[in-house]
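Beneath this line is the structure, given in structure tokens, with notes to follow.
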Amino acid sequence: MPVPFESRVTIPENILFRELESEAVILNIDSESYLGLDDVGTRMWSALTASASIQEAYEVLRKEYDVDSATLRRDLTDLLEKLIANGLLRVINAPSP
């Protein structure tokens, strides 16, 4: 089930993020699982973790990359699902208005 873009994400305390040039490695200390990100994945991570919501991160990335909206949404959703499944990000539902 796709993550609602109205939600936001946080980095669990047991996660280490290291950027090496334009790429990054994310490590879950507890499970010892890790994920390597290319330059686009690293930028998505940065936007996701710095934004008030996934939707806000999506809008920031849409302005930065020359890609159609559907492709960006799909790629961002795929990355989110992978990060969440590996315990590298945690979803926090948006507060009700």
Side-chain angles (χ1 to χ4, degrees):
M1 177 200 246
V3 178
F5 272 40
E6 297 77 30
S7 301
R8 68 182 184 98
V9 296
T10 62
I11 305 169
E13 291 180 18
N14 61 322
I15 301 303
L16 290 177
F17 173 82
R18 294 291 180 259
E19 195 166 349
L20 310 164
E21 296 183 21
S22 62
E23 298 180 348
V25 175
I26 309 166
L27 171 67
N28 182 323
I29 296 170
D30 295 340
S31 69
E32 298 181 1
S33 64
Y34 68 93
L35 184 66
L37 299 175
D38 63 10
D39 57 333
V40 175
T42 300
R43 180 61 191 120
M44 286 181 172
W45 168 275
S46 297
L48 285 166
T49 57
S51 298
S53 69
I54 297 167
Q55 182 64 38
E56 182 180 300
Y58 167 79
E59 294 298 334
V60 166
L61 294 166
R62 234 179 60 167
K63 291 176 185 172
E64 292 180 19
Y65 290 97
D66 183 23
V67 63
D68 69 89
S69 298
T71 300
L72 177 59
R73 184 171 291 273
R74 184 187 66 240
D75 291 349
L76 190 57
T77 298
D78 289 348
L79 179 62
L80 271 167
E81 289 174 353
K82 190 177 293 185
L83 292 167
I84 293 163
N86 286 294
L88 303 172
L89 280 181
R90 183 175 302 136
V91 176
I92 299 175
N93 291 331
S96 301

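Computation of the quantities below employed the complete heavy-atom set of this structure, encompassing side-chain atoms and omitting hydrogens, waters and symmetry-equivalent molecules.
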Are [X] and [Y] close enough that some pair of their side-chain heavy atoms sits under 4.5 Å apart?
| X | Y | result |
| --- | --- | --- |
| Leu37 | Leu79 | yes |
| Thr77 | Val3 | no |
| Met44 | Leu72 | yes |

At what distance, to the nearest 0.5 angstrom, does [atom1] of [X] lie from [atom2] of [Y]?
| X | Y | atom1 | atom2 | value |
| --- | --- | --- | --- | --- |
| Thr42 | Asp38 | OG1 | CG | 6.5 Å |
| Leu16 | Ile29 | CG | CD1 | 3.5 Å |
| Trp45 | Leu89 | CH2 | CG | 4.0 Å |
| Leu20 | Glu23 | CG | CD | 8.0 Å |
| Leu35 | Asn28 | CG | CG | 11.5 Å |
| Leu80 | Leu88 | CG | CG | 11.5 Å |

| said: I need the minimum non-hydrogen distance between Ser53 and Glu6, along with the two atoms involved. | reply: CB-O, 3.9 Å
| said: Tell me the closest heavy-atom pair linking Gly87 and Pro12, and the distance in Å. | reply: O-CG, 3.8 Å
| Are Tyr34 and Val9 connected in the hydrophobic side-chain network, where two residues link if heavy atoms are under 4.5 Å apart? | no
| Single-linkage hydrophobic cluster Ile84~Ile15, side-chain heavy atoms < 4.5 angstrom | yes
| task | Write out all pairs satisfying salt bridge (Lys or Arg N to Asp or Glu O under 4.0 Å) with one or both partners inside residues 42-53, taking only residues at least two apart or from two chains. | result | Arg43-Glu64
| query | Could you give all pairs that pass the ring pair (Phe, Tyr, Trp, His ring centres under 6.0 Å) test and reach residues 52-71, with sequence neighbours left out? | reply | Phe5-Tyr58
| query | So Arg62 and Glu59, side chain to side chain contact (heavy atoms under 4.5 Å, CB included) or not? Walk me through it. | reply | CA-CA 5 Å; Arg62 234 179 60 167; Glu59 294 298 334; 3.9 Å; yes
| task | May I have the step-by-step check of side chain to side chain contact (heavy atoms under 4.5 Å, CB included) for Ile26 and Ile11, ending in yes or no? | result | CA-CA 10 Å; Ile26 309 166; Ile11 305 169; over 6 Å; no
